[in-house]
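Order of the sequence lines sets the chain letters (A, B, ...), proteins ahead of strands, with each chain counted from 1.
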There are 2 protein chains.
Amino acid sequence: MVTERPERDQADADVTRVDSLAREIFAGVANKWALLLVNVLADRTLRFTELQREVGGISHKMLSQTLRHLERDGLVDRTVHPEVPPRVEYRLTEAGEALRATVNGMCAWTRAHLDHIEEARRRFDATRD
Amino acid sequence: MVTERPERDQADADVTRVDSLAREIFAGVANKWALLLVNVLADRTLRFTELQREVGGISHKMLSQTLRHLERDGLVDRTVHPEVPPRVEYRLTEAGEALRATVNGMCAWTRAHLDHIEEARRRFDATRD
DNA sequence: CTGGATCCCTGTGGATACTG
DNA sequence: CAGTATCCACAGGGATCCAG
C-alpha cells in the first residue's frame, strides 16, 4: 500500500482541476452504475439482459444510458450479431479492464471496512440523539 | 449466496448484491464529491474553507453534506479547535487513507487514458451525424 | 470561520409503452 | 432481445440567509 508521502504532484491537481477534461471524465466515471457495470464485466462478455440481471437493481433506462456512455468513452466494446432475435454483447476494452482493476480495489476496500464503518456509524449516530 | 455463477469469486458478488450493506456503502462512496474530497485530503489536514478552495466547484452545501457523510462512515476525522473564530480541521482516518489509495488509482487511470478517451469520443460522435 | 436551514429549480432516474 | 421515447416524481444540488 502506498503510504509514503510524495510532495503533492501536479498530476493530482490535473484531475482535481475544475473545467478540465480530466475532471469531466473523472466525474463521469465516478458514479455508482458505471463502476458497478465495469466491475461486473470483469473480463467476460455479457448481453444486455444478462448485465441487467448481474447488476441488481439497475433500471432498463440507466443500463442502456450508462452503457452508451461507457461505449462512447471507449471503455466498453459493443458487438451486434446480425441474428433474429438480435444479440448484442458487451465487453471491456483495454482501457476498461485497466479501470476495473482500480474498481476492484474499491470493492475490496468496501468489504474490508464493512465492520469498521458499521461501528463508526453507530458511534456517530449515538452522539446525535 | 445468490450468485448462480460459481466461478466468479464470492467477494465481488458481495459488493454487487442489491440491498446489502456493502452495496449501500459502495454506492455512498462511489460519487464524485466524496472521491474528490478523499483525494484532496491525501495525508494532510485541511480546514473547511481550504477544502472548498482545493476541490474547485463544490458548493458550500455539498461540501458540508459530503463531509458529514464521510465523518459518519469513519473515513474522515473532524477536529474542532475551541477558538474564536472557530477552526475545524479535517483529515483522513486509516480507513480513509486506504480508500484514497484506490482513488489515486482512478486519478492515475484518468490521466493515462485522457487521449484515448478523447479519441474514442471523436470516433463515436462521428458515426452519429 | 463553520455550518445549519430554506427555497427552488434542474437533472436524474423509474415506469411504461413502442419499434426493429 | 435490444433498445428508444415519453411522461413524471423526486432528490440532488445551487444560492442565500441566519446563527454560534
Check: Whole-Å distance between C:dG11 C1' and A:Lys32 NZ?
Finding: 16 Å
Item checked: Heavy-atom closest pair, residues B:Asp73 and A:Ile117 -> O-CG1, 3.6 Å
Next item on the list: Please check if the side chain of A:Asn31 supplies one atom and the backbone of A:Gly28 the other of a donor-acceptor pair under 3.5 Å.
Entry: yes
Note to self: Suppose we call two aromatic rings close when their centres sit under 6.0 Å apart. Are A:Phe48 and A:His60 close by that rule?
What the structure shows: yes
Report each atom pair, protein N/O against N/O of nucleotides 4-8 of chain C, whose distance is under 3.5 angstrom.
residue	atom	partner	partner atom	Å
C:dG4	OP2	B:Ser64	OG	3.4
C:dG4	OP2	B:Arg68	NE	2.9
C:dG4	OP2	B:Arg68	NH2	3.4

Notebook entry, point to check: Of all the choices, C:dG20, C:dC1, C:dG13, which nucleotide is nearest to the side chain of A:Met62 once you look at every atom?
Noted result: C:dG13
Margin query: Donor-acceptor pair, distance only, cut-off 3.5 Å: does the side chain of A:Arg23 make one with the backbone of B:Gly56?
Written below: yes
Notebook entry, point to check: In a check of side chain to side chain contact (heavy atoms under 4.5 Å, CB included) between B:Tyr90 and each of B:Leu70, B:Leu67, B:Asp77, which one passes?
Noted result: B:Leu67
Check: Is it true that B:Glu54 and B:Arg44 make a salt bridge, defined as a side-chain N closer than 4.0 Å to a carboxylate O?
Finding: yes
Item checked: Pairwise 5' ranking along DNA chain C for A:Ser59 and B:Pro85, keeping only the more 5' one -> B:Pro85
Checklist line | Distance, rounded to the nearest Å, where B:Gln52 contributes CD and C:dG3 contributes P | finding: 12 Å
Next item on the list: Would you confirm whether B:Trp109, through its side chain, and A:Arg100, through its main-chain N or O, come within 3.5 Å as a donor-acceptor pair?
Entry: no
Check: chain B on DNA chain D: first and last contacting nucleotide, 5' to 3', under 4.0 Å to a heavy atom?
Finding: D:dG13 to D:dG20
Note to self: If I take atom CD in residue B:Glu83 and atom P in nucleotide C:dG3, what distance separates them, rounded to the nearest angstrom?
What the structure shows: 13 Å
Notebook entry, point to check: Under the 3.5 angstrom rule, does the side chain of A:Thr66 hit a backbone N or O of A:Leu63 as a donor-acceptor pair?
Noted result: no
